[in-house]
Amino acid sequence: MTLPAGWVPSDTGEVAERFGVSRETAEALECFAALLSRWTRTVNLISAGSIPDLWSRHILDSAQLFGAVQSPPRHWVDLGSGGGLPAIVCALLACDAGWTTQFTLLESDQRKCAFLTTALRDLSLSACVLPNRLEAAPPQNADLLTARALAPLDVLLDWSLRHANEQATYLFPKGARFQEEISDAERRWTFTLDTLPSITDPAARLLRLRDLAKR
């Protein structure tokens with residue numbers, strides 16, 4: 001695993017300090033960041049304007065979901081994985097921590113699936129990419145479900161419930177309108193909710209839900 005020619009490594013210090021990752025994992029995160037930046041030139045993985053802030057807006061923002069997991073899940077399913085955020089970042093941190101979690105990345109866009117498959121291969125990560133629409137993919141019986149910048153909470157819960165087991169935890173980062181999304185979701189759903197501060201945006205929150213059921 002080598003960094004692409006011409007790539008200038010970023011300061012991984014905050015990720016390394018917060019999560020205590022090894023030098024090898026820090027290098028793997030650098031490789032992933034380089035791949036993401038390069039592929040974004042031709043595939044809409046992240047906003048091109050966010051590339052200068054890639055570490056804070058995407059890598060660290062994804063890594064904080066790993067930090068919000070209370071115990072290693074058996075099966076982690078990421079919905080609408082796109083550019084592998086947060087799934088690939090979290091998979092690298094899980095490997096570094098010695099977890100044996102199975103990761104499944106659900107993504108319907110074929111070009112994004114090609115990126116995910118390439119990134120997993122280059123990073124020597126064992127994970128499954130499912131090139132299906134969320135509502136059509138076979139139910140995954142997941143212990144943990146994540147999604148980042150995909151849809152409002154009410155819609156996410158519809159998609160997520162299909163792929164969750166009865167004890168599943170749902171972990172979604174949300175922006176400044178998080179309370180409005182919670183209120184909208186509560187019209188159709190019941191759940192236990194933990195609202196956690198975001199380490200990348202003081203106005204944002206991480207929503208950790210359990211005991212999900214339709215009203």
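- The pair R23-E27 meets the salt-bridge criterion, with a side-chain N (NZ, NE, NH1 or NH2) lying under 4.0 Å from an Asp/Glu carboxylate O.
- Note on residues 130-140: pairs passing side-chain hydrogen bond (donor to acceptor under 3.5 Å, both in side chains), not counting sequence neighbours, are R133-E135.
- Not one N or O on the side chain of T192 forms a donor-acceptor pair closer than 3.5 Å with the backbone of L209.
- Between I59 and F32 the shortest side-chain heavy-atom distance falls below 4.5 Å.
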Per-pair distances, 0.1 Å, donor-acceptor, side chain in residues 44-51, under 3.5 Å, sequence neighbours excluded:
from	atom 1	to	atom 2	distance (Å)
S47	OG	G49	N	3.2
S50	OG	S47	O	2.7
S50	OG	H58	NE2	2.8

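- Using modelled atom types, one side-chain atom of R205 and one backbone atom of P202 make a donor-acceptor pair closer than 3.5 Å.
- Every residue two or more places apart in sequence or in another chain was checked for a side chain to side chain donor-acceptor pair (under 3.5 Å) with S71, and none qualifies.
- Of the options L105, L144, L171, a side chain to side chain contact (heavy atoms under 4.5 Å, CB included) to W76 is made by L144 and by none of the others.
- Residues W189 and D158 are in side-chain contact: their nearest non-hydrogen atoms beyond the backbone lie under 4.5 Å apart.
- For the pair F115/V43, no side-chain contact is recorded, criterion being any heavy-atom separation below 4.5 Å from C-beta on.
- Partners of A164 by side chain to side chain contact (heavy atoms under 4.5 Å, CB included), not counting sequence neighbours, listed by chain and number: L145, A168, Y170.
- Counting heavy atoms from C-beta outward, L60 and F19 have side chains that approach closer than 4.5 Å.
- Under a hydrophobic-cluster definition in which Ile, Leu, Val, Met, Phe, Trp and Tyr are linked whenever side-chain heavy atoms come within less than 4.5 Å, directly or via other members, W39 and L125 are assigned to the same cluster.
- Between the side chain of E107 and the main chain of P131, no donor-acceptor pair closer than 3.5 Å is present.
- Contact check for H75 versus V77: side-chain heavy atoms found under the 4.5 Å cut-off.
- Residues passing the side chain to side chain donor-acceptor pair (under 3.5 Å) test with D184, sequence neighbours excluded: R187.
- Residues D211 and T190 form no side-chain contact, since every pair of their non-hydrogen atoms from C-beta on lies 4.5 Å or further apart.
- The main-chain N or O of L153 is found under 3.5 Å from a side-chain atom of E181 such that the two form a donor-acceptor pair.
- When side chains are defined from C-beta on, K174 counts as touching L156, because their heavy atoms get closer than 4.5 Å.
- Using a distance-only test at 3.5 Å, with no hydrogens or angles considered, a donor-acceptor pair links the side chain of R208 to the main chain of A68.
- No donor-acceptor pair under 3.5 Å is formed between the side chain of R210 and the backbone N or O of D194.
- Taking 4.5 Å as the limit, every side-chain heavy atom of H163 sits out of range of all side-chain heavy atoms of L130.
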Anything under 3.5 Å between a donor and an acceptor, one on a side chain of residues 81-97, the other on a protein residue two or more places apart or in another chain? List them.
from	atom 1	to	atom 2	distance (Å)
S81	OG	D78	O	3.3
S81	OG	D78	OD2	2.8
D96	OD1	S22	N	3.1
D96	OD1	S22	OG	2.8
D96	OD1	T25	OG1	2.6

